[in-house]
Amino acid sequence: MTTPPFDPARIPREALPALVQACPKAELHIHIEGSLEPELIFALAQRNGVSLPYASVEALRAAYAFTDLQSFLDIYYAGASVLLHERDFEDMAWAYLQRAHADHVAHAEIFFDPQTHTARGVDIGVVFRGLGAACERARRELGLSTALILCFLRHLSEEDAFATLEQALPYREHFIGIGLDSSERGHPPEKFARVFARCRELGLRLVAHAGEEGPPAYIESALDVLRVERIDHGVRCLEDAALVRRLARDRVPLTVCPLSNVKLCVYPQMAQHRLVELLDAGLCATVNSDDPAYFGGYVNRNFLEIFATLPLDAGHAWQLMRNSFEASFIDEAARARHLAAVDDCFRRFAAA
Ligand code: ADE
Ligand code: ZN
């Protein structure tokens with residue numbers, strides 16, 4: 001592990017919330033459909049004449065009591081049913097990007113689920129153009145860089161994923177990579193071996209959700225069969241010591257989502273979250289929001305909750321902020337620039 005360019009003991013725990021707020025960071029695990037706040041869901045439902053099975057914003061929010069991943073996904077896919085036009089996708093992404101900017105996110109790699117929309121008759125071009133317009137505006141007005149990662153829904157067939165890839169290829173310059181999300185249990189990475197191989201040939205970056213609810217073996221097959229570069233979640237690697245050693249040795253990043261893990265009952269409470277063990281094992285763990293509108297907060301809320309609850313110090317904070325840029329798919333010049341900005345921020349707090 002690299003040594004910090006400051007003395008962590010000079011930054012007390014009380015300073016960590018201000019440090020989290022001030023420090024530039026990358027967010028690498030955010031489903032844009034999971035940033036749809038209940039207020040926006042209702043506004044879009046009204047604008048588009050879509051009827052919702054909830055009487056009010058409050059009634060919808062009250063339904064956000066999840067027992068596992070599937071209980072969340074059922075509501076999440078229902079919420080996305082209000083997205084029909086380019087402007088809807090743009091409004092959703094712009095709302096997220098403004099919140100990310102307020103949290104000092106300097107770079108965001110954003111997941112989207114085209115099959116959720118194409119299955120309802122929405123053309124994939126509508127999705128690309130709407131999200132693209134918001135990302136372009138964020139670059140211009142906020143100085144926030146973005147990249148889109150197209151996720152295949154793993155509860156659907158590999159044939160459906162291939163058909164989605166075909167529809168997406170005319171927009172190849174609009175996305176940098178491929179992910180795999182939705183119901184993990186019973187849908188191992190192997191199911192998508194051929195389509196991921198094709199995406200690799202096309203030069204796309206590859207990531208996959210694995211080891212959120214699924215076993216450590218799914219993390220191994222995401223690496224060995226799908227040949228992904230990052231694991232989304234991955235927290236269940238801790239059940240396999242050899243796998244932890246491999247992830248640490250190869251610096252395979254894990255995009256961890258603490259609030260999500262508590263809301264979806266991966267851990268009963270934040271105090272039981274095992275992020276400290278991941279960091280202390282030398283893993284390139286990062287902190288992310290997953291589906292912030294559903295799980296109680298955006299990326300800085302995740303940082304604040306872990307620092308309030310877990311035995312983490314300024315050294316861990318520095319590692320997490322650095323890891324976010326180390327694990328990102330930005331070019332080397334941008335990476336060096338962002339890492340220097342992180343170091344500057346920590347030096348400033350250590351000197352205060
Ligand atoms: N889609 C949106 N959020 C997800 C999560 N946490 N796991 C799997 N699929 C998802
Ligand atoms: Zn996710």
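Here the structure is a predicted model, which is why all the values come from computation and not from measurement. Each ligand, and each atom within it, is numbered from 1 in the order the structure gives.
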- [ ] Mind listing the closest non-hydrogen atom pair of Met321 and Val20 along with its distance?
- [x] CE-CA, 4.1 Å
Electrostatic pair [X]-[Y], nearest N-O below 4.0 angstrom:
X: Glu201; Y: Arg198; answer: yes
X: Arg251; Y: Glu326; answer: yes
X: Arg194; Y: Glu159; answer: no
X: Glu27; Y: Arg99; answer: no
X: Asp103; Y: Arg301; answer: no
X: Arg200; Y: Glu229; answer: no

- [ ] Determine how many protein N/O/S atoms sit closer than 2.8 Å to the Zn ion (ligand 2), leaving waters out since they are not shown.
- [x]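 Number of qualifying protein atoms: 4.
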Say whether [X] and ligand 1 are in contact under the criterion: heavy-atom distance to a ligand atom below 4.0 Å.
X: Glu184; value: no
X: Gly34; value: no
X: Phe72; value: yes
X: Asp232; value: no

- [ ] Run through the side-chain heavy atoms of Ile, Leu, Val, Met, Phe, Trp and Tyr, join any pair under 4.5 Å, and report what else lands in Leu28's cluster.
- [x]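 Cluster partners of Leu28: none, it stands alone.
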Task: Interfacing atoms of ligand 1 (cut-off 4.0 Å, heavy-atom, Leu73) - done: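 Once the distances to Leu73 are compared, the set is 1 (N), 10 (C).
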Open item on the list: For the 3.5 Å polar cut-off, considering only N or O atoms, please tell me whether Asp113 and ligand 1 meet it.
Closed with: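 Such a contact does not occur with ligand 1.
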Task: Min N/O separation Asp290 to ligand 1 under 3.5 Å - done: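 Yes, there is a polar N/O contact under 3.5 Å.
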Considering non-hydrogen atoms of the protein only, which is the closest contact for [atom], and what is the distance?
atom: atom 3 (N) of ligand 1; value: Asp291 OD2, 2.6 Å
atom: atom 9 (N) of ligand 1; value: Ser182 N, 2.8 Å
atom: atom 7 (N) of ligand 1; value: Glu212 OE1, 2.8 Å
atom: atom 1 (N) of ligand 1; value: His31 CE1, 3.5 Å

- [ ] Answer with side chain, backbone, both or neither: which part of His233 has a heavy atom less than 4.0 angstrom from an atom of ligand 1?
- [x]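 Only the side chain of His233 comes within reach of ligand 1.
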TODO: Take Glu90 and Arg87 through the test salt bridge (charged side-chain N to carboxylate O under 4.0 Å, His left out) and record every step on the way to the result.
DONE: CA-CA 5 Å; Glu90 181 176 356; Arg87 199 176 137 212; over 6 Å; no
Task: Pairing residues for Arg154 by the salt bridge (charged side-chain N to carboxylate O under 4.0 Å, His left out) criterion, not counting sequence neighbours - done: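 Partners of Arg154 by the salt bridge (charged side-chain N to carboxylate O under 4.0 Å, His left out) criterion come out as none, since no residue qualifies.
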Open item on the list: Assess the residue pair Asp88 and Arg47 against the criterion (salt bridge (charged side-chain N to carboxylate O under 4.0 Å, His left out)); give the C-alpha distance rounded to whole Å, side-chain angles, the decisive distance to 0.1 Å, and a yes or no.
Closed with: CA-CA 9 Å; Asp88 307 334; Arg47 186 159 98 189; 2.8 Å; yes
Open item on the list: Taking side chain to side chain donor-acceptor pair (under 3.5 Å) as the cut-off, I'd like each qualifying pair that reaches into residues 171-181, sequence neighbours left out, listed once.
Closed with: His31-Asp181
